[in-house]
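Throughout, residue positions are numbered sequentially from 1 according to the sequence presented. All values below were derived from every heavy atom in this structure, side-chain atoms included, with hydrogens, water molecules and symmetry-related copies excluded.
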Amino acid sequence: MKTIIITGANSGLGFECAKNILLENSDYFIIMACRNIEKSEKAKIELIGKTKNKNIQVMELNLSSFDSVR
Ligand SMILES: NC(=O)c1ccc[n+]([C@@H]2O[C@H](COP(=O)([O-])OP(=O)(O)OC[C@H]3O[C@@H](n4cnc5c(N)ncnc54)[C@H](OP(=O)(O)O)[C@@H]3O)[C@@H](O)[C@H]2O)c1
């Protein structure tokens with residue numbers, strides 16, 4: 001299984017990108033790299049509900065912090 005990291009996956013283009021991958025591929029695992037964990041966990045539940053695919057998890061990432069990126 002391949003792993004895909006999507007930044008900004010809790011809304012907008014990142015959310016739609018994650019949704020389409022989950023709908024079309026069961027052999028990919030998605031990591032939602034997002035700064036707001038609460039908002040992202042809600043988006044993850046919405047994505048699983050819409051796609052019936054559980055190959056997704058949230059990890060904290062603030063792209064404005066080099067420490068967080070490391
Ligand atoms: N080139 C083009 O034609 C084109 C067209 C459309 C969009 N874009 C660009 O594509 C990007 C996404 O657009 P969108 O419409 O999907 O925007 P959006 O709905 O506002 O989504 C932006 C995402 O980025 C996240 N984010 C912002 N700052 C962050 C940080 N410091 N660390 C981690 N995550 C951060 C936001 O997280 P939070 O929920 O925590 O805020 C959100 O999930 C934008 O940069 C936009 O300018 C380009």
**Message:** So that I can tick it off, tell me whether Lys50 and Glu46 are bridged by a salt bridge, with the cut-off set at under 4.0 angstrom between side-chain N and carboxylate O.
**Reply:** yes

Throw together a table of side-chain donor-acceptor distances under 3.5 angstrom for residues 8-15, partners on residues two or more places apart or in other chains.
from  : atom 1 : to    : atom 2 : distance (Å)
Asn10 : ND2    : Ser40 : OG     : 3.3

**Prompt:** Would you call Ile56 and Met32 a side-chain contact if the rule is heavy atoms closer than 4.5 Å?
**Reply:** yes

Using a 3.5 Å cut-off and no angle test, enumerate the donor-acceptor pairs between side-chain atoms of residues 16-23 and protein atoms at least two apart in sequence or in another chain.
from  : atom 1 : to    : atom 2 : distance (Å)
Glu16 : OE1    : Lys19 : NZ     : 3.1
Asn20 : ND2    : Glu16 : O      : 2.8

**Request:** Give the intermediate values and the outcome of side-chain contact (heavy atoms from CB on, under 4.5 Å) for residues Thr3 and Ile31.
**Result:** CA-CA 7 Å; Thr3 300; Ile31 294 174; 3.7 Å; yes

**Complete:** Applying side-chain hydrogen bond (donor to acceptor under 3.5 Å, both in side chains) to Asn62 and not counting sequence neighbours gives Ser64

**Message:** Tell me which pairs pass salt bridge (Lys or Arg N to Asp or Glu O under 4.0 Å) where either residue lies in residues 61-70, with sequence neighbours left out.
**Reply:** none

**Asked** Does anything in residues 24-39 pair up under side-chain hydrogen bond (donor to acceptor under 3.5 Å, both in side chains), and if so which pairs, sequence neighbours excluded?
**Response** none

**Asked** Is the closest side-chain heavy-atom distance between Ile6 and Ile30 below 4.5 Å?
**Response** yes

**Prompt:** Is it true that Ile5 and Val58 fall in one hydrophobic cluster, defined by side-chain heavy atoms closer than 4.5 Å?
**Reply:** no

**Message:** Just to verify, what does Glu41 make a side-chain hydrogen bond (donor to acceptor under 3.5 Å, both in side chains) with, not counting sequence neighbours?
**Reply:** Lys44

**Asked** What's the shortest heavy-atom distance between Leu63 and Leu61, and which atoms?
**Response** CD2-CD2, 3.6 Å

**Message:** In this structure, would Ile4 and Leu47 fall into the same cluster of hydrophobic residues linked by side-chain contacts under 4.5 Å?
**Reply:** yes

**Message:** Which residues pass the side-chain hydrogen bond (donor to acceptor under 3.5 Å, both in side chains) test with Glu60, not counting sequence neighbours?
**Reply:** none

